[in-house]
Amino acid sequence: METKDWQQEQERLERVRNKLQARIAELEPEVAGLRDQAADIRKRFWEDVTINTSTHEDFEETFYTINQQSAVLAERERGHKLLTQQLKSMNRLLPSPYFGRIDFQEDGLDLSEQIYIGVSSFVDEDGLSFLIYDWRTPIASLYYDYSPGRASYVTPGGRIEGTMELKRQFQIQNGQIRNMFDASETIGDELLQQVLGKGADSQMKSIVATIQKEQNAIIRNDKSRMLIVQGAAGSGKTSAALQRVAYLLYKHRQTIRADQIVLFSPNPMFASYISTVLPELGEENMQQTTFQEYLDYWLGSSLRPEDPFDQIEYVLTAQGAPGYEARLQGIEYKASEAFLQALQNYGMWLGREGMQFNDIRFRDRGLITAEQMRAKFYSYDRSLPLYNRVVLLQEWLLNELASLERMERDALWVEEELNYLDTEQYAEVFGMLHKEKEVFDVAEQYAVVREKMNNKRREDEGDFDFARREEDLLRRRIVKESFKPLRKIVKKLLFVDIKGIYGQLFVDEAAYREKTNGAVIPLLWPEICRQTKEALLRNELFYEDATPYLYVKELIEGVRTNTEIRYVFVDEGQDYSPFQYEYLKKLFPRARMTVLGDFGQAIFMQATSLDASDSPLVRLFGEDETSLVRLVRSYRSTREIVEFTKSMLPGGEEIVPFERGGPKPLLTRLDGGEKRDAQILADIAALRAEGFDSIAVITKTAAESREAYESLRTHGGEALQLITKETSGFEKGVMVIPVYLAKGVEFDAVLVYDASSESYGRDNERKLLYTACTRAMHRLHLYTTGDWSSFVQALPANLYEKASY
């Protein structure tokens with residue numbers, strides 16, 4: 001880069017920063033003034049409003065005065081919010097106003113335009129000249145999609161064609177250009193080298209300065225109802241998804257709010273890890289949850305659902321236990337589309353017979369029996385859906401309870417209860433009766449006058465019987481209070497025995513086939529039935545049963561839908577079952593869906609293929625409304641680590657490493673666990689001395705994590721963090737973590753605690769080891785005290801270094 005160009009760019013940067021500082025200086029008192037005005041209006045709101053409802057005209061005047069005062073307050077608050085957002089945006093721009101420049105000459109125009117691109121827009125004093133363009137504007141897509149030459153971009157008015165004459169990239173810190181270079185590629189490798197060479201952080205950062213062309217296609221896809229991103233480990237799937245959220249909020253800012261977008265994260269710790277990305281870009285965070293949190297909420301306290309981490313612990317640690325193979329078959333079957341079809345058929349069978357109800361009991365006796373409910377339920381028109389008939393039954397039950405409540409007032413137990421009422425209850429009833437007597441007296445006087453006016457003789461209707469009315473009112477109150485739990489049961493549909501209805505699917509093979517129209521079943525079905533029924537008896541649900549159970553519940557009670565949500569993002573999408581995707585589609589009927597994942601990291605048994613042409617995800621919305629993007633370039637790890645990890649996977653040769661070099665992975669065999677722990681602690685100390693702040697000791701399971709943590713601490717490892725499924729925050733440091741909780745997160749260095757054939761010997765454990773190794777950015781160490789895993793032994797010897805002690 002010539003000195004003249006550097007000087008010109010630095011001078012322009014200083015001009016832009018001066019304008020930003022001037023605008024910030026103008027805005028700060030305006031923001032403070034509007035804040036104070038809004039606070040003053042709120043404080044004095046009712047002082048400036050005269051309440052008068054004496055006449056209709058006074059009431060109208062009061063109404064309009066309140067409305068006017070509310071409108072003034074809302075206008076001040078809107079103005080304050082808008083200016084505050086502008087002020088925050090400019091303060092974000094000030095240290096590094098932009099990161100890219102393109103010179104573009106539109107066809108038919110004589111002059112080219114210099115376009116500087118940053119995290120938000122900044123307009124000159126005239127209100128027309130853009131000094132900085134937001135990276136989400138249509139013209140900014142040129143920066144990500146083209147190298148110098150012919151280029152085009154799409155606007156609401158159509159496609160604009162032209163020529164890109166220059167593409168320049170900057171690294172600016174505290175108002176000074178640190179690096180600057182012209183690029184012929186989409187984003188120059190020099191910038192990426194510097195960004196990717198930095199250490200891992202406790203929270204994910206924005207990547208708007210280094211978005212690649214294929215990532216930009218994901219971000220700006222605004223047509224597909226289902227967008228599937230199948231990406232290699234470290235290919236930037238999650239980063240691109242978060243920039244996509246920011247883009248959607250920018251492009252559709254008049255119609256979509258952040259709370260109309262929901263992201264399903266793999267675990268609470270991951271939600272913390274990504275929580276700062278959108279605020280960095282000036283956007284509010286979308287809703288974040290996990291699928292498990294959703295299940296826990298809707299299943300309530302009546303059943304305890306297993307979580308996916310307990311399920312995978314069982315799968316990885318219970319080999320050889322009684323019923324293990326049956327449980328695996330059950331997990332696979334209950335996650336399938338075949339089971340979904342079986343439950344749909346079961347719903348039709350329930351429409352004809354087989355509904356189960358709970359007796360409504362009161363004081364150890366049955367008021368309304370399950371058999372009465374069943375007879376009433378099947379007396380309704382059978383063409384009606386199940387949930388419509390349940391609503392009709394609910395109305396009938398409430399009417400029956402009202403009748404039974406009236407009859408119950410004369411029961412002996414009510415008279416006994418009268419003797420135990422406290423003085424407060426009597427006083428309350430006494431006050432109510434006095435008010436009732438006042439009304440009675442007025443009515444009596446009116447009746448006497450009316451009779452005299454009509455010259456008719458009026459029969460004496462008797463005096464107000466205070467004592468009798470007091471007893472009637474007390475009886476009514478006692479019974480009403482006692483029946484309150486029964487009405488609550490009916491209103492919450494707890495009279496339907498959902499657990500029994502789900503459980504009767506698992507009686508035996510013949511019954512299951514009858515209820516599901518001859519569904520095909522796994523080989524070990526009798527044992528699957530036994531395990532499922534035993535869990536239900538303990539008021540527990542296996543993880544694989546939780547979504548099907550909710551599905552059956554909603555067949556009967558009505559579908560819960562959320563029509564407000566417009567976009568659903570699913571991270572680590574390969575770990576969701578076809579059944580769960582069908583459920584999500586039903587839950588969010590108006591939403592577009594973006595699914596991000598890597599089938600190479602499909603470590604859960606209910607995994608769904610993402611990029612196969614016959615994938616359940618393609619069938620979910622249809623081929624015409626589904627787009628698939630494959631990301632094959634891995635940016636997270638050094639070239640040496642990527643070459644090592646991709647060789648573990650069948651088909652891994654498609655993964656392309658980014659050209660960032662580093663040491664080869666180090667394989668260390670030691671004689672015994674104590675020596676291994678001592679060597680791991682020595683290696684951690686050496687890595688920290690190199691400046692690596694984020695180091696993970698990755699184990700296969702949570703049980704192994706606890707053992708490793710205790711053992712390492714015994715040998716002097718004090719500054720260690722044990723990460724469990726309850727861990728909600730992600731901090732720098734040295735952590736011991738099971739591989740399935742490390743998914744989606746990256747570390748400066750990864751130490752695989754036990755890479756032996758005993759830990760990673762079965763074929764379904766290949767992806768576990770691959771996932772663990774791909775968390776490393778700069779350093780990867782593997783340890784064993786026995787034979788290496790066959791997946792390691794099969795690797796070419798030139799991909800790693802060996803050390804023995």
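From a predicted model like this one, the values you see are computed outputs, not experimental measurements.
- A salt bridge links E509 to R513: one of the charged nitrogens lies within less than 4.0 Å of a carboxylate oxygen.
- Looking only at distances, a side-chain donor or acceptor of T137 sits under 3.5 Å from a matching main-chain atom of D134.
- Between D598 and the choices K767, Q230, K237, the side-chain hydrogen bond (donor to acceptor under 3.5 Å, both in side chains) rule is met once, by Q230.
- Taking 4.0 Å as the cut-off between side-chain N and carboxylate O, E653 and K646 do not count as a salt-bridged pair.
- For the residue pair Y583 and E554, the shortest heavy atom distance occurs at OH-OE2, 2.7 Å.
- Between T645 and the choices T774, L769, T771, the side chain to side chain contact (heavy atoms under 4.5 Å, CB included) rule is met once, by T774.
- Remark: side-chain polar atoms of T626 are not paired, donor with acceptor, to backbone N or O of E623 under 3.5 angstrom.
- Counting only heavy atoms from C-beta outward, the side chains of M605 and Y543 never approach each other to under 4.5 Å.
- Looking at R253, R136, R244 one by one, the single match for salt bridge (Lys or Arg N to Asp or Glu O under 4.0 Å) with E283 turns out to be R136.
- The closest donor-acceptor contact from the side chain of Y581 to the backbone of G573 lies under 3.5 Å.
- Between L550 and Y294 there is a side-chain heavy-atom pair separated by less than 4.5 Å.
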Go through V245 and Y567 one step at a time and tell me if the side-chain contact (heavy atoms from CB on, under 4.5 Å) criterion holds. CA-CA 9 Å; V245 173; Y567 286 89; over 6 Å; no
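- Between the side chain of S615 and the backbone N or O of S609 there is at least one donor-acceptor pair closer than 3.5 Å.
- Electrostatic pairing of E337 and R619 counts as a salt bridge here, judged by a charged N lying under 4.0 Å from a carboxylate O.
- In this structure the side chain of Y512 never reaches within 4.5 angstrom of the side chain of I528, judged on heavy atoms.
- In this structure a side-chain-to-backbone donor-acceptor pair under 3.5 Å is missing from Q531 to A326.
- Residues E544 and R327 are in side-chain contact: their nearest non-hydrogen atoms beyond the backbone lie under 4.5 Å apart.
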